[in-house]
Amino acid sequence: MTTRKSTRNGDRRRSHHWVLVVGLLAITAGCPAVDDGAAGSDGPPPAELAQTASSSQDPSGVDDATPAPRPPAGHAWVIFAEDTVVAEVAATAEARQQGLMYRDEVPDGTGMLFVFQDNQPRAFWMANTYVPLDIAYMDPSYRIVDIVQMEPLVTETYPSDAPAMFALEVRKGWFGEEGIEVGAQAEIVFGVGGSR
């Protein structure tokens with residue numbers, strides 16, 4: 001899990017993100033994953049995935065901090081510097097298998113975050129998925145190790161170039177438009193109650 005580093009200006013910028021993100025929460029998206037070796041797994045326990053809100057105390061010992069905003073259960077904010085994706089979380093074998101199937105669109109700023117219990121090569125396909133997608137494979141520290149563009153209804157797999165523990169699907173072309181490349185570091189804030 002990464003540690004949050006912030007400055008006063010960074011906190012103001014993040015506050016702006018939270019306002020934008022909250023507005024996007026009503027819109028979400030989907031795509032099927034080939035679940036390499038993780039079938040039947042329920043994903044990491046919520047306690048391992050959920051980031052706790054930090055608090056500070058004044059010298060008198062009175063807690064004066066307001067809890068940091070969090071996405072609702074079943075969602076996560078995937079933050080790349082100035083860009084935030086409001087992602088549905090697929091942390092069970094069933095949710096990963098369903099993915100973004102049967103969706104007619106994946107609006108900008110939304111996507112799906114696939115969560116696995118281990119770090120290994122992954123492969124996704126696009127059966128019953130009508131929207132072209134980008135997929136960013138990420139390692140356990142949320143660093144992008146590969147980005148692949150996937151075409152609708154393709155049943156051949158799109159494998160990762162390196163082991164991954166997370167995968168983020170968004171509208172095709174989004175990563176390129178935002179200048180997000182292999183090696184980019186994300187911060188992920190999981191919703192209330194963890195990944196489910």
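- To the nearest 0.5 Å, atoms OH (Tyr137) and CZ (Phe114) are separated by 9.5 Å.
- Note: Glu88 CD to Met112 CE = 4.0 Å, rounded to the nearest 0.5 Å.
- Of the options Val86, Ile188, Val170, Val85, a side chain to side chain contact (heavy atoms under 4.5 Å, CB included) to Leu113 is made by Ile188 and by none of the others.
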*Full working for side chain to side chain contact (heavy atoms under 4.5 Å, CB included) between Glu181 and Phe175*: CA-CA 7 Å; Glu181 301 175 337; Phe175 289 111; over 6 Å; no

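- Note that OG of Ser160 and CD of Gln120 are 9.0 Å apart. Values are rounded to the nearest 0.5 Å.
- Pairing each heavy atom of Val78 with each of Ala186, the nearest pair is CG1-CB, 4.1 Å.
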*Evaluate side chain to side chain contact (heavy atoms under 4.5 Å, CB included) for Leu133 paired with Lys172, printing each intermediate quantity in order.*
CA-CA 4 Å; Leu133 300 170; Lys172 183 179 177 183; 5.5 Å; no

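- Side-chain contact, Tyr130 with Asp104: no donor N or O sits under 3.5 Å from an acceptor N or O.
- Classified by interplanar angle (parallel below 30°, tilted 30° to 60°, perpendicular above 60°), the ring pair Phe166/Phe190 is tilted.
- With rounding to the nearest 0.5 Å, the separation of CE in Met126 from CD1 in Ile135 is 9.0 Å.
- Here the shortest heavy-atom pairing between Ala76 and Pro71 reads CA-CG, 3.9 Å.
- Under the 3.5 Å distance criterion, the side-chain polar atoms of Gln185 are matched with a main-chain donor or acceptor of Ser141.
- Of the possible polar contacts, one joining the Asp146 side chain to the Asp161 backbone as a donor-acceptor pair under 3.5 Å is found.
- Of all heavy-atom pairs between Val145 and Ala164, the closest is CG2-CB, 4.5 Å.
- The closest side-chain heavy-atom distance from Ile144 to Phe80 is below 4.5 Å.
- In this structure, Ile180 and Ile147 approach most closely via the heavy-atom pair O-CD1, 3.5 Å.
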*Please lay out, stage by stage, how Thr129 and Met150 fare under the test side chain to side chain contact (heavy atoms under 4.5 Å, CB included).*
CA-CA 10 Å; Thr129 305; Met150 304 188 297; over 6 Å; no

_With side chain to side chain contact (heavy atoms under 4.5 Å, CB included) as the criterion, how do Asp83 and Trp174 come out once you've worked through the C-alpha distance, each side chain's angles and the decisive distance to 0.1 Å?_
CA-CA 10 Å; Asp83 300 299; Trp174 185 83; 4.0 Å; yes

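- Under the side chain to side chain contact (heavy atoms under 4.5 Å, CB included) rule, Tyr158 has a single partner from Arg122, Gln149, Glu151, which is Glu151.
- Nearest heavy-atom pair, Asn119 versus Asp139, reported as atom, atom and distance to 0.1 Å: OD1-CA, 4.2 Å.
- When all heavy atoms are compared, the tightest approach of Ala90 to Arg96 is O-CG, 3.4 Å.
- Looking at Arg70 and Val189, their side chains come closer than 4.5 Å, going by heavy atoms from C-beta outward.
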